[in-house]
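All figures in this text were calculated on a predicted structure; none of them were measured in a lab.
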Amino acid sequence: MDDALAAVAAAAISAGWRPEEVAAALVELADNNMLSVLANRDFARDLADLKK
């Protein structure tokens with residue numbers, strides 16, 4: 001995973017992003033991913049409860 005993340009960061013920097021912008025964007029992506037994981041977990045739990 002480190003290699004993939006480093007490749008994304010390098011591509012963004014090559015495209016003209018500043019390293020600080022890249023870091024901030026990656027943090028936002030990770031945060032949004034975690035929120036979606038939690039939302040999907042809660043939805044699956046709620047759906048299972050409705051099917052009882």
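The closest side-chain heavy-atom distance from Leu35 to Asp31 is below 4.5 Å.
Atom CG of Asn33 sits about 12.0 Å away from atom CG of Leu26, to the nearest 0.5 Å. To the nearest 0.5 Å, atom CZ of residue Arg18 and atom CD1 of residue Ile13 are 11.5 Å apart. Here CZ of Arg41 is found 10.0 Å from CG of Asp46. Values are rounded to the nearest 0.5 Å. If you take CG on Asp49 and NZ on Lys51, they are separated by 11.5 Å, rounding to the nearest 0.5 Å. To the nearest 0.5 Å, the span separating CG on Leu47 from CG on Asp42 amounts to 12.5 Å.
Heavy atoms only, all atoms of each residue included: Ala12 and Val22 are closest at CB-CG2, 3.6 Å.
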